[in-house]
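One structure is given below, encoded as structure tokens.
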Amino acid sequence: MFEQLQETITRQISAFLSQQEIPAAPIDWKWIPFAGQWGIATSFFQAASLEARQGSHIPVGERAQQIATQVAEHLGTPEGISKVEAVRGYLNLTFSPSSFARQVIETVQREGLLFGKGQLTGKRIMVEYSQPNTHKAFHVGHLRNVVLGSAVCNILEWAGNEVIRANYIGDIGLHVIKWLWCYLKYHNGEQPPEDRVRWIGEIYVQASRYYEEDPAVEPEVRALFARWDRRDPDIVSLWEKTRQWSLEAFEQIYQLLGVHFDRFYFESDVEDSGKEIVRTLIKKGLACDERPEGSVYIPLDEFSGTKDKYRVLVILRSDGTSLYATKDLSLAIQKFEEYQLDQSIYIVDVRQSLYLQQIFKTLELLGYSWAKQCYHLAYEIVTLPGNVTIASRDGAVVLLEDLVAEATSRALEIVQTKNPEISQQQQLAVAHAVALGAIRYSMLSRDSSKVVTFDWDAALDFNGQAAPYIQYAAVRANSILRKAGEIPAKWQVPSELQPVEITLIDLISRVPQEIQKSARDIKPLVLSTHVYELARAFNDFYNQCPVLQADPEVRGFRLQLVAASRQAIRNLLSILGIETPDIM
RNA sequence: GCCCCAGUAGCUCAAUGGACAGAGCACCGGACUUCUAAUCCGAUGGUUGAGCGUUCGAGUCGCUCCUGGGGCACCA
């Protein structure tokens, strides 16, 4: 919001420094890091350090302060700046309240629901996320992926990119055949009950148990796999029917979570084209074919002159059946051919880091120039207390719907006591927004490189740094605006602003840059932190500054500030995929 | 053996190489006749795993260790 001013002042400083024959060091502006102050700052340590290297004997800190003082004197007080100060080697420029407060509030007002949205970049980015396996349960371990992926999509979109949300469904493989075997043997003819996800998951648990415990099962499953491989119509039709059950269950979950996809890919669709690529690789001499004794593989280290880095990637089983890699190679190519992507992001957990590096390297060896535009966003997994990995096959899972149901019921209890006058339906809607917000926020408010230990109490804690706190701030703002009725169109920035007001406006003004930063680093955490700080600043303001009862000249301004705060919070929450209720 | 990630307050986590390392939870003490207390205020709490190095400046970068987690040819 202040780019122009920054540039002008940067030019003035550079000119002054060169005139004074002070070494040119890059001037980069940062926010003044102290609460209740707003403005930009830069330091002169680098320039002073360069001088020292050229033989000056003044200590760097002291010299930096000298330069800062000189610059401050030279600048005077530029338009839009109320105070210029040299402090401990830093030059601090404080914004003047009247012009900037107005500018910030008017910008939010003008842009409304789009406040914070960046200029179009012209870049097209595909984000592949969720990637569930059919015939398995959908549990809290999968939740992190969906929450992270959908937030990343929104962030990239808000930063000005075109985003294609892709999902890659694992609809075939040994796990599916195991499930079909179990269904045929123990559940034949059954129709899925209402609680479909659980039912599907339970059959999978049963299948896995028999498969592991009874050695007689494996040959039966293999035989079934062979039938599928030669497209036995009975098996194919059973596969199609049961696969559809899973897909419908996923759709329910996606609706519950409020996420959507633009493009679905299926493993079963890229299998044949994958095998075709394997043939090409063999023909080009890039893959070693040791069938039938061994597999088809690529000695990646050998080809890229590395040692123990890329290892070996097996791309086809010795019996000629496909592997995950077979299909992923094909999928990557299809994505770029279909959409001419500028970037292809894979949201996949950290355990597959080496594997995805192998895929990207293979694509490079195949000569695809876009291989370098593939990016793996690795996130750490969700474990159960005691460092227990969540595994669909042993059934020790927390189902997503159970989590949502429990969270909603706890939220509903609070809503009912606080808002007894609204309809049950409204109460439920609010509880739902709060529950899902809390769940999503807890996943987004820690770095993706950190392991999440799922804990019921922590997941259902609505206090402190959590979505309900942020939502509540917006609700309070909403309440003030509702009681105020019409917001006066004419208003003035008071001559004196409270420190909390300054902090609040400051945080609102940074929203666009925070969105850019969040996109640049692909870190939703940047926004989850910022929106929390915004909410906290608003709560401070709420407690310290009366709005409705304020003097008329202050009242108009504060109402505007309340409206801008609500908008900023609402926009950030929506990027994170969190609803902002009107009441709580 | 090799590679990747994490290690910050009692616990869970923040911190574009910059100013005094910040929040929440927990604990202790306060604030509802007020625009909703799902809130706020105050107190307590730190050798940023250890050690060298680079730098004017290191939680952040480099090296060597320690601890924990993960990965390393026919699972996905």
Side-chain angles (χ1 to χ4, degrees), chain A residues 28 30 32-34 41-50 52-53 59-64 87-90 92 131 133 170 173-175 267 290-291 294-299 307-319 321 323-325 327-328 348-355 357-358 378 380-381 383 387 389 411 414-415 418-419 434 442 445-447 449-453 455 458 461-466 468-469 471-473 475-477 479-484 517 520-521 525-526 528-529 532-533 536 539-540 542-550 558 562 583-584:
Chain A
D28 53 324
K30 329 175 66 149
I32 297 177
F34 306 112
T42 188
S43 70
F44 295 96
F45 298 110
Q46 287 191 30
S49 157
L50 287 171
R53 232 167 286 174
V60 169
E62 194 179 309
R63 179 59 185 147
V87 187
R88 303 177 61 181
Y90 290 85
N92 293 347
Q131 309 112 328
N133 285 329
L174 190 60
H175 76 276
E267 265 191 70
E290 295 185 346
R291 286 175 295 172
S295 62
V296 181
Y297 65 91
I298 310 179
K307 192 165 174 285
D308 281 350
K309 182 173 181 192
Y310 293 107
R311 310 274 169 167
V312 163
L313 180 65
V314 176
I315 53 176
L316 205 65
R317 285 201 187 87
S318 45
D319 64 2
T321 55
L323 288 158
Y324 207 52
K327 296 170 264 194
D328 247 327
V348 179
D349 81 57
V350 68
R351 292 172 299 187
Q352 294 189 41
S353 292
L354 173 62
Y355 167 72
Q357 292 318 306
Q358 291 175 323
E380 264 293 356
I381 57 169
T383 63
N387 200 24
T389 306
I414 304 173
V415 178
K418 295 183 68 82
N419 304 84
V434 169
S442 71
S445 58
R446 73 186 57 211
D447 199 272
S449 65
K450 293 266 167 63
V451 176
V452 171
T453 303
D455 174 63
D461 190 359
F462 296 160
N463 295 312
Q465 185 169 355
Y469 174 92
Q471 292 168 319
Y472 184 64
V475 163
R476 280 178 144 180
S479 173
I480 293 175
L481 295 170
R482 196 175 51 237
K483 292 219 162 114
K517 186 178 164 198
R520 192 194 62 214
D521 300 343
L525 173 66
V526 172
S528 61
T529 304
Y532 171 71
E533 279 171 10
R536 199 171 44 164
N539 277 326
D540 278 349
Y542 182 93
N543 278 290
Q544 290 178 40
C545 303
V547 178
L548 297 178
Q549 306 301 321
R558 286 190 178 161
V562 170
I583 46 173
M584 276 174 78

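Predicted, not measured: the structure shown is a model, and the values here were computed from it. Lettering of chains follows the sequences in order, A, B, ..., and the numbering in each one begins at 1.
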Task: B/C75 OP1/OP2 closer than 4.0 Å to side-chain N/O of A/Arg317 - done: yes
TODO: Using a heavy-atom cut-off of under 4.0 Å over every strand shown, decide if A/Glu267 touches base, sugar-phosphate, or nothing.
DONE: sugar-phosphate
Open item on the list: At 4.0 Å (heavy atoms only), tell me whether A/Arg536 reaches a base, stays on the sugar-phosphate, or touches nothing.
Closed with: sugar-phosphate
- [ ] Determine whether any donor atom in the side chain of A/Arg63 lies under 3.5 Å from an acceptor atom in the base of B/C56, or the reverse, and answer yes or no.
- [x] no
- [ ] Give a yes/no answer on whether the side chain of A/Lys483 brings an N or O atom under 4.0 Å of OP1 or OP2 in B/U36.
- [x] yes
Open item on the list: Quick check on B/C3: is either OP1 or OP2 less than 4.0 Å from any side-chain nitrogen or oxygen of A/Lys309?
Closed with: no
Open item on the list: Just to be sure I follow the notation: if a pair is Watson-Crick (purine N1 to pyrimidine N3 plus N6-O4 or O6-N4) or a G-U wobble (N1-O2 and O6-N3), each under 3.5 Å, what dot-bracket string does RNA chain B give, with | for pairs to another strand?
Closed with: (((((((..((((....[...))))..((((.......))))......(((((..]....))))))))))))....
- [ ] Respond yes when some side-chain nitrogen or oxygen of A/Ser49 is under 4.0 Å from OP1 or OP2 of B/C56, and no when none is.
- [x] yes
Open item on the list: Does A/Val350 reach a base, just sugar-phosphate, or nothing at all? Heavy atoms under 4.0 Å.
Closed with: nothing
Task: Heavy-atom donor-acceptor pair, A/Lys450 side-chain to B/U12 base, under 3.5 Å - done: no
Open item on the list: Mind checking if A/Ser449 touches a base, just sugar-phosphate, or nothing, with heavy atoms under 4.0 Å?
Closed with: sugar-phosphate
Task: Sugar-phosphate only, base, or nothing, as touched by A/Asp447 at under 4.0 Å among non-hydrogen atoms - done: sugar-phosphate
Open item on the list: Does B/C72 have its OP1 or OP2 closer than 4.0 Å to a side-chain nitrogen or oxygen of A/Arg351?
Closed with: no
Task: Atom-to-atom span, CZ of A/Phe34 to P of B/G22 - whole angstrom - done: 10 Å
- [ ] Could you state the atom-to-atom distance from OH of A/Tyr469 to P of B/U12 in whole Å?
- [x] 23 Å
Open item on the list: Applying a 4.0 Å non-hydrogen cut-off, can you work out what A/Asn92 is touching in the nucleic acid: base, sugar-phosphate, or nothing?
Closed with: base
TODO: For A/Leu323, report the nucleic acid contact type (base, sugar-phosphate, nothing); a contact means any heavy atom under 4.0 Å.
DONE: sugar-phosphate
